[in-house]
Amino acid sequence: MAYDMELADRIRDLLGPALPESVEKKMFGGLAFLIGGNMAVAASGQGGLLVRVDPAEADSLIDGKRVAPMVMGGREMKNWLRVVTDSVDDSALQEWIDRGVAYARTLPPKSK
């Protein structure tokens with residue numbers, strides 16, 4: 001399954017010119033948005049939005065229906081969440097993007 005191009009466009013629009021340091025990169029069948037070389041959010045190739053969050057906050061954000069832990073290679077990734085976006089409005093999407101960007105900014109920049 002290819003990533004949702006409409007979702008990628010929404011993410012791009014909501015990141016906007018306020019984030020000149022963001023970089024787009026195709027990864028794992030999706031389109032990731034990186035800050036300082038660290039993934040913040042992605043339009044997943046498996047559907048929905050992937051959001052990188054503070055591991056200490058992850059459990060409190062999971063609702064088991066629309067927000068679940070991301071699973072890669074059969075194991076849960078503690079600081080990555082999969083968000084079902086089929087009915088997420090721009091305001092809610094902006095909150096998820098902001099959360100992912102804020103966490104990515106706490107990480108050391110990756111060298112090119």
Side-chain angles (χ1 to χ4, degrees):
M1 171 183 217
Y3 67 89
D4 180 342
M5 287 192 232
E6 181 180 329
L7 176 59
D9 288 340
R10 289 176 66 200
I11 294 168
R12 190 178 297 111
D13 289 345
L14 292 169
L15 279 171
L19 281 176
E21 77 266 31
S22 68
V23 173
E24 296 178 23
K25 186 173 184 179
K26 289 185 179 182
M27 300 176 78
F28 312 113
L31 184 64
F33 295 82
L34 293 77
I35 305 296
N38 294 293
M39 287 178 60
V41 297
S44 173
Q46 297 175 356
L49 176 73
L50 298 179
V51 184
R52 191 173 195 178
V53 299
D54 184 332
E57 295 178 342
D59 287 340
S60 68
L61 298 168
I62 296 169
D63 67 10
K65 294 179 184 179
R66 302 201 61 75
V67 182
M70 181 181 98
V71 176
M72 181 177 268
R75 65 171 223 212
E76 286 186 7
M77 307 298 287
K78 285 291 185 188
N79 63 324
W80 278 97
L81 302 179
R82 180 176 301 283
V83 179
V84 177
T85 56
D86 57 359
S87 62
V88 172
D89 65 16
D90 282 349
S91 176
L93 182 58
Q94 184 72 65
E95 290 179 28
W96 285 112
I97 292 168
D98 290 347
R99 183 175 276 123
V101 168
Y103 185 67
R105 285 181 170 157
T106 69
L107 302 171
K110 294 188 176 181
S111 58
K112 293 184 178 188

Check your understanding: Could you walk me through whether E21 and R105 pass the salt bridge (charged side-chain N to carboxylate O under 4.0 Å, His left out) check?
Key -> CA-CA 10 Å; E21 77 266 31; R105 285 181 170 157; 2.8 Å; yes

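- Nearest heavy-atom pair across I11 and A42 is CD1-C, 4.3 Å.
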Exercise for review: I would like to know whether L31 and K25 meet side chain to side chain contact (heavy atoms under 4.5 Å, CB included); could you show each step before the answer?
Suggested key: CA-CA 6 Å; L31 184 64; K25 186 173 184 179; 5.9 Å; no

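- Note: M70 CE to R75 CZ = 9.0 Å, rounded to the nearest 0.5 Å.
- Nearest heavy-atom pair, I62 versus V67, reported as atom, atom and distance to 0.1 Å: CG2-O, 3.4 Å.
- Residues R82 and G47 approach most closely at NH1-O, 2.9 Å, considering heavy atoms.
- Atoms OH and CZ, on Y3 and F28 in that order, are 15.0 Å from each other to the nearest 0.5 Å.
- With contacts defined as side-chain heavy-atom distances shorter than 4.5 Å, the pair L14/L93 qualifies.
- Salt bridge status for D9 with R12: present, with a side-chain N to carboxylate O gap under 4.0 Å.
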Practice item. Could you please spell out the steps behind the side chain to side chain contact (heavy atoms under 4.5 Å, CB included) verdict for D90 and R10? Key: CA-CA 8 Å; D90 282 349; R10 289 176 66 200; 3.0 Å; yes

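- In this structure, OG on S44 lies 10.0 Å from CH2 on W80, to the nearest 0.5 angstrom.
- Atom NZ of K110 and atom CG of L34 lie 7.5 Å apart (nearest 0.5 Å).
- Residue I35 comes nearest to S22 through the heavy atom pair CD1-CB, 3.7 Å, listed as atom of the first residue, atom of the second, then distance.
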Point to revise | Chi angles and distances behind the side chain to side chain contact (heavy atoms under 4.5 Å, CB included) call for R52, L107 | key: CA-CA 11 Å; R52 191 173 195 178; L107 302 171; 3.5 Å; yes

Practice item. Verify salt bridge (charged side-chain N to carboxylate O under 4.0 Å, His left out) between R66 and D86, making sure each step is shown before the conclusion. Key: CA-CA 10 Å; R66 302 201 61 75; D86 57 359; 2.7 Å; yes

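- One distance of note links OG1 of T85 with CG of D4; it measures 6.0 Å at 0.5 Å rounding.
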Check your understanding: Checking side chain to side chain contact (heavy atoms under 4.5 Å, CB included) for the pair F33/V23: CA distance, chi angles, key distance, verdict?
Key -> CA-CA 6 Å; F33 295 82; V23 173; over 6 Å; no

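- With hydrogens and angles left out, the side-chain atoms of Q94 and D98 include a donor and acceptor closer than 3.5 Å.
- Considering every non-hydrogen atom in both Y103 and N79, the closest pair reads CE2-ND2, 3.9 Å.
- The hydrophobic clustering, which links ILVMFWY residues whose side-chain heavy atoms are closer than 4.5 Å, places V88 and M5 together.
- Among all heavy-atom pairs drawn from G100 and V41, the shortest one is CA-CG1, 4.3 Å.
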